[in-house]
**Student:** 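Just passing along the structure, written as structure tokens.
We name chains A, B, ... by the order of the sequence lines, and we start the count at 1 in each one. What you see is a predicted model; the values in this text were computed from it and never measured.
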2 protein chains.
Amino acid sequence: MPKETLLPILFHLFRQHGYDGVSVSKISAATKLGKASLYHHFPGGKAEMLTATLSYSQQWFEENILQVLASEGAALDRFQQMCDRLSELYSAGEQPCLLATLTVGQAHSVFHESVKRRLEGFLAAIAHVLSEAGLPSALAQQRAEDAIIALQGALILSRGLDSSAPFIREMAQLTEKLCEKISG
Amino acid sequence: MPKETLLPILFHLFRQHGYDGVSVSKISAATKLGKASLYHHFPGGKAEMLTATLSYSQQWFEENILQVLASEGAALDRFQQMCDRLSELYSAGEQPCLLATLTVGQAHSVFHESVKRRLEGFLAAIAHVLSEAGLPSALAQQRAEDAIIALQGALILSRGLDSSAPFIREMAQLTEKLCEKISG
DNA sequence: GTCTATATTAAGATAGAC
DNA sequence: GTCTATCTTAATATAGAC
């Protein structure tokens with residue numbers, strides 16, 4: 001079994017159950033691979049499985065979110081595309097964020113630096129678009145933080161209420177919030 | 001050992017590590033009580049320990065947040081007090097939200113209804129203040145959702161970045177965001 | 001109410017055959 | 001690369017003494 005089919009399964013497990021909530025036995029059941037096979041692919045065990053999952057998720061993020069933010073076109077269009085991709089990534093708020101699940105438990109101490117770097121990269125990418133559009137860099141930075149806060153908060157609320165509505169509404173408002181008074 | 005001293009320890013453990021990340025052995029170490037003693041207090045095991053922790057947290061929430069929101073005084077003052085209590089509860093963004101940690105893993109399936117009820121109660125309390133202040137109820141509901149989204153998102157971002165700054169900034173802005181154009 | 005001791009099941013991980 | 005079988009440790013949980 002190639003890693004390209006393995007990693008989406010790992011991604012799904014880790015984001016849904018968190019690092020502490022996933023056992024190698026569960027992974028074995030979900031992938032229909034024996035434990036020994038899993039350890040063949042990932043000699044470092046569960047930690048390496050999450051590391052590989054983070055790389056996989058990072059790659060998706062670069063190819064879908066960061067690439068869109070760095071593309072040509074108006075800021076408004078780029079943010080709109082970003083929202084569409086985010087909605088896809090999180091299944092309109094039904095699926096949790098992998099990075100957010102890693103902020104608690106054992107993962108927090110072990111993978112904290114990776115999470116921090118990922119968030120900072122996302123923040124910088126959003127702020128860069130806003131700076132390009134003419135916003136002062138301090139304000140651009142603040143608004144980028146507000147965007148990620150809105151995204152993460154909407155994911156928690158939607159999942160907690162078991163309703164996509166808050167996430168969908170937040171994604172619909174996000175672009176205009178980001179672009180507000182840009183050319184004012 | 002009385003439960004009044006036990007529950008704050010449980011609360012701290014569960015919010016930091018999530019349900020799956022806490023073992024009875026860890027609880028035993030943290031409380032300096034033998035496992036058998038813990039099962040004496042909570043015959044239902046770890047699940048009952050979390051149930052009791054949720055009740056404890058609910059009580060704190062009623063006495064501190066809901067009470068303040070239901071008090072006399074201007075909406076602006078009540079929200080300001082709410083923000084102060086929230087900042088205390090989450091140690092300015094250093095501590096995770098218990099309810100948020102329960103949206104993943106095993107806890108999600110078992111405790112989802114409790115989490116949902118708690119969020120709905122919080123939403124209703126905020127929306128009620130806004131309605132009293134003259135906001136149409138649909139808008140009041142939306143703004144209440146935005147407040148919880150801001151709170152939860154700020155907690156994730158602050159913890160992910162290992163910085164209180166986003167949480168502190170968000171709490172500082174929250175009251176005016178909630179009261180915007182109330183008497184316009 | 002708390003303890004020691006223990007039963008039972010599941011977890012993380014490896015050896016070695018195919 | 002995948003399997004069966006196995007090891008070791010940790011998990012949940014209980015029995016019974018004090």
**Student:** Kindly state which residues belonging to residues 29-41 of chain A come within less than 4.0 angstrom of DNA chain D, counting heavy atoms of the residue only, listed by number.
**Tutor:**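 Listed by number, they are K32(A), L33(A), G34(A), A36(A), S37(A), H40(A), H41(A).
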**Student:** When you measure from the side-chain N and O atoms of S25(B) to the phosphate of dA10(D), is any distance below 4.0 Å, counting only OP1 and OP2?
**Tutor:**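 Indeed not, no polar side-chain atom of S25(B) lies that close.
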**Student:** What integer distance in Å separates D20(A):CG from dA10(D):C1'?
**Tutor:**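 Taking CG of D20(A) and C1' of dA10(D), I get 13 Å after rounding.
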**Student:** Do I148(A) and I168(B) belong to the same hydrophobic cluster, where Ile, Leu, Val, Met, Phe, Trp and Tyr are linked whenever their side-chain heavy atoms lie under 4.5 Å apart, directly or via other members?
**Tutor:**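 They do not share one cluster, since no chain of ILVMFWY contacts under 4.5 Å joins I148(A) to I168(B).
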**Student:** Does a side-chain N-to-carboxylate-O contact under 4.0 Å join K177(A) and E170(A)?
**Tutor:**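 Here K177(A) pairs with E170(A) in a salt bridge, since their nearest N and O are under 4.0 Å apart.
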**Student:** Passes side chain to side chain donor-acceptor pair (under 3.5 Å), R15(A) versus S57(A)? Steps please.
**Tutor:** CA-CA 11 Å; R15(A) 83 199 302 204; S57(A) 138; over 6 Å; no
**Student:** Counting only heavy atoms not in Q67(A) (residues, nucleotides, ligands), do more than 12 fall under 6.0 Å from its CD?
**Tutor:**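 12 or below, so no.
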**Student:** Could you tell me how far apart I27(A) (CD1) and dA13(C) (C1') are, to the nearest whole angstrom?
**Tutor:**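 Those two atoms, CD1 and C1', are 13 Å apart.
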**Student:** Taking the nucleotide of DNA chain C with the nearest heavy atom to each, does A47(A) or P2(B) sit closer to the 5' end?
**Tutor:**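 Its nearest nucleotide lies further toward 5', so the answer is P2(B).
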**Student:** Verify, without hydrogens or angle tests, whether T51(B) (side chain) and A47(B) (backbone) share a donor-acceptor contact under 3.5 angstrom.
**Tutor:**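 Yes: the side chain of T51(B) pairs with the backbone of A47(B).
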**Student:** Under a 4.0 Å heavy-atom cut-off, which of residues 101-110 of chain B touch DNA chain D?
**Tutor:**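 DNA chain D contact set from residues 101-110 of chain B: none.
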**Student:** Whole-Å distance between dG12(C) P and F42(A) CZ?
**Tutor:**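 Result: 15 Å.
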**Student:** Identify the two heavy atoms, one from L178(B) and one from L130(B), that lie closest to each other, and give their separation to 0.1 Å.
**Tutor:**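 Scanning both residues completely, I find the closest heavy atoms to be O-CD2, 3.3 Å.
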**Student:** Report the relative orientation of the aromatic rings in F11(B) and Y56(B); use parallel for angles under 30°, tilted for 30 to 60°, perpendicular for over 60°.
**Tutor:**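 F11(B) and Y56(B): perpendicular rings.
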**Student:** Roughly how many Å is it from CD in E48(A) to P in dA13(C), rounded to a whole number?
**Tutor:**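 Spelled out: CD on E48(A) to P on dA13(C) is 11 Å.
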**Student:** Take atom NE2 of H128(A) as the centre, draw a 6.0 Å sphere, and report whether it contains more than 12 heavy atoms from other residues, nucleotides or ligands.
**Tutor:**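 Open.
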